[in-house]
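Notes to accompany the following structure.
Model, not experiment: these values are computed from the prediction.
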Amino acid sequence: MPHELPPSPPSLVLHDSQRRATVPFEPLDPAHVKVYYCGPTVYDLAHIGNLRAMLTADVLVRLLRHLYPRVTFVRNITDVDDKITARARANNEDIAALTARTTDEFHQDLAALGVLPPDIEPRATHNIAQMQEMIARLIANGHAYEAQGHVLFSVGSFASYGALSGRNPDELEAGARVEVAPYKQAPGDFVLWKPSDADQPGWDSSWGRGRPGWHIECSAMSHRYLGDSFDIHGGGSDLLFPHHENERAQSLCCFPGGRFANYWVHNAMLLVDGEKMSKSLGNFLTIRDALAQAPAEALRLLLLGAHYRSTLNYTQAGLLEARRTLDRFYRALENCGLTGEDETAPVSADAPDQIPPGVLAALSDDLNTPLAIAELHALAGQALAGDKAAAYALRAGARLMGLLQTTPEEWFRGGVPQDDDKLIETLIAERLAARKARDFARADAVRDQLQAMGIVLEDTRDGTSWRRA
RNA sequence: GGUCCGGUGGCAGAAUGGUGAUGCAGCGGACUGCAAAUCCGCGUAUGUGGGUUCGAUUCCCGCCCGGACCUCCA
């Protein structure tokens, strides 16, 4: 072996929306990578489209944590918004109760999916003072103005407005479909602060009692927790304009010495049965709707089965297929004796619990999760053929994507009541006796009985095992 | 109307200027008392018309179709 090159990890490349290109990721500080994602507006249950963005962030952050010693991931909760006010009114519910309840549901749903919590999860209502400071500063340096109780950002004051989303402000004006509010100096100007009626949530300010506009909260929170410049800002592609464009304008004008986000990561939308998910079509699926049909990992696998930048078509058939795929993966672990939960690496050199190179290479290539999953299939095949090292690699690679987090026992047989458990064992013994007596009619009758209970039997050389159908 | 993205086998979904992954489904076989699981084998695809090229699915142009954003939205 004359040229044994030392193994070097693949370098991460990411598609940056602003550069409109896939480029090497170079952190501002390799010792500490900083990521900000736009979180939910908490007025209703999260849907699977929301989930896609959260999963993209989750895989990205898991990968970054693997590659870098320290990662700070900030994801906000938007708990002041006119949609929240409207929903609270419709529900005849207190705003704080609505946002607390919805935030709790959001946390439960993401936890079910194995989405790791952010390091910091700031709430908009806890950062009003920071927003007001930014607004005052923007007024002071000529990027914002007061008009009829509103404070507006002056798009014309920021030369590179539109650079992120690739829009030309003049064209925006020409194509404006919404009637321009009379107090705006220019049609593209957007609200930083707006006045509140007595029955709307509001905070006192030097511009009167009011509430923040649509975009300032993320600028304030990202700055508070990550500073003038941070590495990655992400969200759904529908946020690119105007939300992220406006965030960028506010932040760069407020903190001209900084760079704000250095990379922008945007995930594509998803379709349900080939159609845009919308309430009017009746195909608006919450995370809970999906979880009623399949285990959470199946949903995760399905959503990671397409590259994050391409449109994903969600179907129930796809969800069930993802579940069968996980059956195979867990079977591969079980066959190799990886029945425990321990994440620690086995000491044996031929069974390293390391991220398989193919998986790491795929994920490092702009989060190519479908290709990484194909690698898992290859490892599962090897594991099923008895390769224990492949089973460890399968589990390690899958876990980097938040998959195979449980044990085969739990996956196949979890959630079955104790009494059923005993009955199943009894019936299996009964069937075994019948088979020994070559009374196959009786044996098959027992199997049918179990089938009716949702239990599938698998005969092996070592005996009969069972699992939920 | 403006801006942008995409169209790969029955389905999902990668990749690529030079014989198009992977999974599911289908078909045939092995194993099994029969199944289940597993294994082996097989078939099927780059929307359309041009251009560049020795060679295009990949690059360029037209067309058709779909989607996103421009308005709250992951």
Where each residue is assigned the nucleotide of RNA chain B containing its nearest heavy atom, which of A:Ala378 and A:Ala443 is assigned the position nearer the 5′ end? A:Ala378
Could a donor-acceptor pair under 3.5 angstrom be found where the side chain of A:His266 meets the base of B:rA74? no
Should B:rU3 form a Watson-Crick or G-U wobble pair with both distances under 3.5 Å, which nucleotide is its partner? B:rA68
Using atom P in both nucleotides, what's the gap between B:rA35 and B:rG28 to the nearest angstrom? 13 Å
When the P atoms of B:rG47 and B:rG9 are compared, how many Å lie between them, rounded to an integer? 8 Å
Expressed in angstrom and rounded to an integer, what is the separation of A:Asp238 atom CG from B:rU3 atom C1'? 16 Å
Which is true for A:Arg328 with a 4.0 Å heavy-atom rule: it touches a base, it touches only sugar-phosphate, or it touches nothing? sugar-phosphate
Contact class for A:Ala362 vs. all strands (heavy atom < 4.0 Å): base, sugar-phosphate, or nothing? nothing
Can you tell me the distance, in whole Å, between the CH2 atom of A:Trp214 and the C1' atom of B:rC70? 13 Å
Please report the distance, rounded to the nearest Å, between CG in A:Leu326 and P in B:rA12. 20 Å
Output the single nucleotide from B:rA21, B:rG33, B:rA68 whose closest atom is nearest the side chain of A:Arg438. B:rG33
Would you mind classifying the nucleic acid contact of A:Asn313 as base, sugar-phosphate or nothing, using non-hydrogen atoms under 4.0 angstrom? sugar-phosphate
Would you kindly check whether a donor in the side chain of A:Arg447 faces an acceptor in the base of B:rC34, or vice versa, at under 3.5 angstrom? yes
Is A:Arg435 salt-bridged to A:Glu430, cutoff N-O under 4.0 Å? no
Applying a 3.5 Å limit to both distances, which nucleotide forms a Watson-Crick or G-U wobble pair with B:rC27? B:rG41
A:Leu302 has an atom CG; how far is it from atom P of B:rC24, in whole Å? 15 Å
Side chain of A:Asp459 - closest among B:rA25, B:rA14, B:rC34: B:rC34
Side chain of A:Arg331, heavy atoms from C-beta onward: which of B:rA37, B:rC70, B:rA14 has the nearest atom to it? B:rA37
When rounded to whole Å, the NE2 to P distance for the pair A:His377 and B:rG13 reads 13 Å
Taking only the P atom of each, what is the distance from B:rC61 to B:rC4 in whole angstrom? 12 Å
Partner of B:rG49 under the Watson-Crick or G-U wobble criteria, both distances under 3.5 Å, comes out as B:rC61
Pair A:Arg309 + A:Asp366: basic N to acidic O under 4.0 Å: yes
Could you state the atom-to-atom distance from CG of A:Asp327 to P of B:rC24 in whole Å? 11 Å
Ion pair check, A:Asp44 and A:Arg101, cut-off under 4.0 Å: no
Name the closest nucleotide to the A:Lys276 side chain, picking from B:rA68, B:rA74, B:rG13. B:rA68
A:Arg211 bridged to A:Asp82 by N-O distance under 4.0 Å: yes
Once you apply a heavy-atom cut-off of 4.0 Å, does A:Leu239 come out as touching a base, just sugar-phosphate, or nothing? sugar-phosphate
Could you tell me how far B:rG20 sits from B:rG55 if I compare only their C1' atoms? Round to whole Å. 16 Å
Would one find a side-chain N or O of A:Thr464 under 4.0 angstrom from OP1 or OP2 of B:rA35? no
Could you check whether A:Leu312 gets within reach of a base, just the sugar-phosphate, or nothing at all, counting any heavy atom under 4.0 Å? sugar-phosphate
From B:rC73, B:rA68, B:rA14, nucleotide with atom closest to A:His307 side chain: B:rA14
Classify the nucleic acid contact of A:Asn368 as base, sugar-phosphate or nothing, counting any heavy atom under 4.0 Å across all strands shown. sugar-phosphate
Touch class at under 4.0 angstrom, heavy-atom based, for A:Ala53 against every strand present: sugar-phosphate
How is A:Arg435 classified with respect to the nucleic acid when contacts are heavy atoms under 4.0 Å: base, sugar-phosphate, or nothing? base
Report which part of the nucleic acid A:Arg431 touches: base, sugar-phosphate, or nothing (heavy-atom distance under 4.0 Å, all strands). base
When the C1' atoms of B:rG7 and B:rA14 are compared, how many Å lie between them, rounded to an integer? 15 Å
Can you tell me the Watson-Crick or wobble partner of B:rG33, both distances under 3.5 angstrom? none
Starting the side chain at C-beta, find the nucleotide from B:rA14, B:rC70, B:rA74 nearest to A:Asn267. B:rA74
Do NZ/NE/NH1/NH2 and the carboxylate oxygens of A:Arg442 and A:Asp439 come within less than 4.0 Å? no
With heavy atoms under 4.0 Å as the rule, sort A:Gly305 into base, sugar-phosphate or nothing. sugar-phosphate
Taking the six-membered ring for Trp, are the ring centroids of A:His47 and A:Phe284 within less than 6.0 Å of each other? yes
Is the shortest distance from a Lys or Arg side-chain nitrogen in A:Arg300 or A:Asp58 to a carboxylate oxygen in the other one below 4.0 Å? yes
Looking only at side-chain atoms of A:Thr325, point me to the closest of B:rA68, B:rA21, B:rG23. B:rG23
For B:rU46 versus B:rC65, give the span between their C1' atoms, rounded off to a whole number of Å. 16 Å
For atom P, what is the distance between B:rA68 and B:rA74, given to the nearest Å? 15 Å
Lys/Arg N to Asp/Glu carboxylate O, A:Arg431 vs A:Asp459, below 4.0 Å: yes
5' priority, RNA chain B, between A:Thr460 and A:Phe440 [closest heavy atom]: A:Phe440
A:Asp273 CG to B:rA12 C1', straight-line distance once rounded to whole Å: 13 Å
Contact class for A:Ser310 (heavy atom, under 4.0 Å): base, sugar-phosphate, or nothing? sugar-phosphate
In whole angstrom, give the distance that lies between atom CZ of A:Arg20 and atom P of B:rU3. 13 Å
Provide the distance between the two P atoms, one in B:rU8 and one in B:rG66, to the nearest whole Å. 14 Å
Aromatic ring pairing A:Trp264/A:His233, orientation class (parallel under 30°, perpendicular over 60°, tilted between): parallel
Side chain of A:Arg467 only, heavy atoms from C-beta on: which candidate in B:rU38, B:rC72, B:rA36 is closest? B:rA36
